[in-house]
Amino acid sequence: MVNLLEPLMKKKVIVTGGTGYIGSHTAVELIACGIEVVIIDNLYNSDITVLDGIRAITGIRPRFYEYDLCDMAKLEEVFANEGKIDAIIHFAAYKAVGESVKKPLEYYRNNLGSLINLLAIMEKHGVASLVFSSSCTVYGQPEILPVTESSPVKEAASPYGYTKQAGETIIRDTMAARPEQKAISLRYFNPIGAHPTAHIGELPRGVPENLVPFITQTAIGLREELKVFGNDYDTPDGSCIRDYLHVVDLARAHVIALKRLLEGRNNSNFEIFNLGTGTGVSVLEAIASFERVTGIKLNYQIAARRPGDIEKIWADPSLANKELDWKTEITLDESMETAWRWEKKIRNQS
């Protein structure tokens, strides 16, 4: 694997949404490489105590601004306080597919407005490098699997998916007009699990929109039952298929992408990479994995299909394997075990 440490030492990087699930794990990996991390997060879908978890793992509590990226005046304050910024990793966005169907304008206003503000301030303050948190939802329901970076970007199945499509278009057009800047868009498949220390993990507000925290909350008794949305899809067991990768593997990819930009090894000033395992796993197979590693029998029921859900999708990660020298290393069973360890910790159970 690549040497992550050089030339990252002594760089200062803003992580937007850095108290969120993926952002906090990425902050840990950045700090481990000697990077000075500055977090901006409005705590819409995260908790300030995540900073304590980052410090417990790394010994460092990142500087933190509880600001909304849609407020340009607040963004200016950050740059006035911090001085030179070497790069931005942009996670901050509303991210629930189902919620986006119900609240489309909120998703368009937040996800696109915040990105436009960041791109504007990057130009003003001479920040040359951006890593963008994108999603496999840009592919819609693909006709051919696995999905490669050259697969067609089809009509989005949800407003959330469209904000990622539009976000990439905005970045591509901006980079075309600014040859001095460069960006990498990382199209995630389905992150799961928690840091092996159990100091940070997925911490949804209210009822979880994602499968694994709903599994763990059901197993610990917080939820009466788990709903499997649909068992009549055109898949081997009738449930949706996804590509589940561990959040630490995903976080490492951001550090490697950042290193690629800072070293100037990018092939163009806007690159796209799929991040996944390359293996499709059904919802029922994911449930079986959790039951296998924990010995807990889950109470689950089949429910109606959920609006905006894609039937099946998984990645061809070969481009990231080759160009980034990155691949997933943590198995599905190991991911479920770390998710369960995290759930037990936050519920104060041994």
| task | Could you tell me whether the side chain of Asn231 and the main chain of Gly238 form a donor-acceptor pair under 3.5 Å? | result | no

| message | Would you say NZ of Lys312 has more than 12 non-hydrogen atoms from neighbouring residues, nucleotides or ligands within 6.0 angstrom? | response | yes

| field | Heavy-atom check, side chain of Glu291 versus side chain of Leu298, under 4.5 Å | value | yes

| query | Looking at Ala156 and Gly161, what are the two nearest heavy atoms and their distance? | reply | CB-C, 3.7 Å

| Residues two or more places apart in sequence or in another chain: which of them pass side chain to side chain contact (heavy atoms under 4.5 Å, CB included) with Asp237? | Thr235, Ser239, Ser282, Leu284, Glu285

| task | Could you tell me whether Glu36 and Arg63 make a salt bridge, using a distance below 4.0 angstrom between a side-chain N and a carboxylate O? | result | yes

| query | CG/Asn42 to CG/Asn110 distance, rounded to the nearest 0.5 angstrom? | reply | 7.0 Å

| task | Measure across Ala92 and Leu69 and return the closest heavy-atom pair with its distance rounded to 0.1 Å. | result | CB-CD1, 3.6 Å

| Backbone N/O of Val97 and side chain of Glu209: donor-acceptor pair under 3.5 Å | no

| Contact summary for Met336 and Ser289, nearest pair of heavy atoms | CG-OG, 3.5 Å

Side-chain donor-acceptor contacts of residues 242-250 below 3.5 Å, not counting sequence neighbours, with atom names and distances?
residue	atom	partner	partner atom	Å
Arg242	NH1	Ile310	O	2.8
Arg242	NH2	Ile310	O	2.6
Asp243	OD1	Thr277	N	2.9
Asp243	OD1	Thr277	OG1	2.6
Asp243	OD2	Thr277	N	3.2
Asp243	OD2	Gly278	N	3.0
Asp243	OD2	Ala315	N	3.0
His246	ND1	Val248	N	3.0
His246	NE2	Ala194	O	3.1
His246	NE2	Thr338	OG1	3.1
Asp249	OD1	Glu329	N	3.4
Asp249	OD2	Glu329	N	2.8
Asp249	OD2	Ile330	N	3.0

May I have the list of side-chain donor-acceptor pairs in residues 118-132 shorter than 3.5 Å, sequence neighbours left out?
residue	atom	partner	partner atom	Å
Glu123	OE1	Arg178	NH2	3.2
Lys124	NZ	Glu76	OE2	2.8
His125	NE2	Glu76	OE1	3.0

| Where the side chain of Gln165 meets the backbone of Val138, is there a donor-acceptor pair that is under 3.5 Å apart? | yes

| note | Value for CG (Leu115) from OG1 (Thr16), rounded to nearest 0.5 Å, stands at 9.5 Å

| field | Asp68 side chain vs Cys70 backbone, donor-acceptor pair below 3.5 Å | value | yes

| Remaining members of hydrophobic cluster (4.5 Å side-chain criterion), Trp342 | Leu203, Ile346

| query | Atom CZ of Phe91 and atom OG of Ser46: how far apart are they, to the nearest 0.5 Å? | reply | 12.5 Å

| query | For residues 186-200, which residue pairs qualify under side chain to side chain donor-acceptor pair (under 3.5 Å), counting only residues two or more places apart or in two chains? | reply | Ser133-Tyr188, Tyr139-Arg187, Glu168-Arg187, Tyr188-His254, His195-Thr197, His199-Lys345

| said: Less than 4.0 angstrom from a charged side-chain N to a carboxylate O is my criterion; do Glu82 and Lys12 meet it? | reply: yes

| said: Could you measure the distance from the CD1 atom of Ile35 to the NZ atom of Lys259? Nearest 0.5 Å is fine. | reply: 11.0 Å

| query | Is the closest basic N to carboxylate O distance between Arg260 and Glu323 below 4.0 Å? | reply | yes

| remark: Val281 and Ala286 have their tightest heavy-atom pair at CG1-N, 3.8 Å

| Side-chain donor/acceptor of Asn274 to backbone N/O of Pro317, under 3.5 Å | no

| query | Roughly how far, to the nearest 0.5 Å, is CG of Leu112 from NZ of Lys164? | reply | 9.5 Å

| query | Do Arg305 side-chain atoms and Glu311 backbone N/O form a donor-acceptor pair below 3.5 Å? | reply | no

| request: Go through the steps to decide whether Trp340 and Phe290 satisfy the test ring pair (Phe, Tyr, Trp, His ring centres under 6.0 Å), and finish with yes or no. | output: CA-CA 8 Å; Trp340 181 231; Phe290 180 84; 5.5 Å; yes

| field | Partner set under ring pair (Phe, Tyr, Trp, His ring centres under 6.0 Å) for Phe270, not counting sequence neighbours | value | none

| message | Starting from Tyr233 and following side-chain heavy-atom contacts under 4.5 Å between hydrophobic residues (I, L, V, M, F, W, Y), which residues can be reached? | response | none

| query | Could you give all pairs that pass the salt bridge (charged side-chain N to carboxylate O under 4.0 Å, His left out) test and reach residues 109-119, with sequence neighbours left out? | reply | none

| field | Asn266 side chain to Lys182 backbone, donor-acceptor under 3.5 Å | value | no

| message | So, using ring pair (Phe, Tyr, Trp, His ring centres under 6.0 Å) as the criterion, who are the partners of Tyr160 when residues are at least two apart? | response | none

| query | Sequence neighbours excluded, which residues qualify as side chain to side chain contact (heavy atoms under 4.5 Å, CB included) partners of Lys74? | reply | Tyr67, Asp71, Glu77

| task | Name all residues meeting the side chain to side chain contact (heavy atoms under 4.5 Å, CB included) criterion together with Ala176; count only those two or more places apart in sequence or in a different chain, and write none if there are none. | result | none

| task | Please list all pairs passing the salt bridge (charged side-chain N to carboxylate O under 4.0 Å, His left out) test where one or both residues lie in residues 144-162, with sequence neighbours left out. | result | Glu143-Lys154

| query | Looking at CD1 of Ile215 and CD1 of Ile192, how far apart are the two atoms once the value is rounded to the nearest 0.5 Å? | reply | 8.5 Å

| Donor-acceptor contact present, side-chain Glu334 to main-chain Thr331, <3.5 Å | yes

| query | Out of Val37, Ile85, Leu30, Asp86, which one pairs with Lys11 under the side-chain contact (heavy atoms from CB on, under 4.5 Å) rule? | reply | Asp86

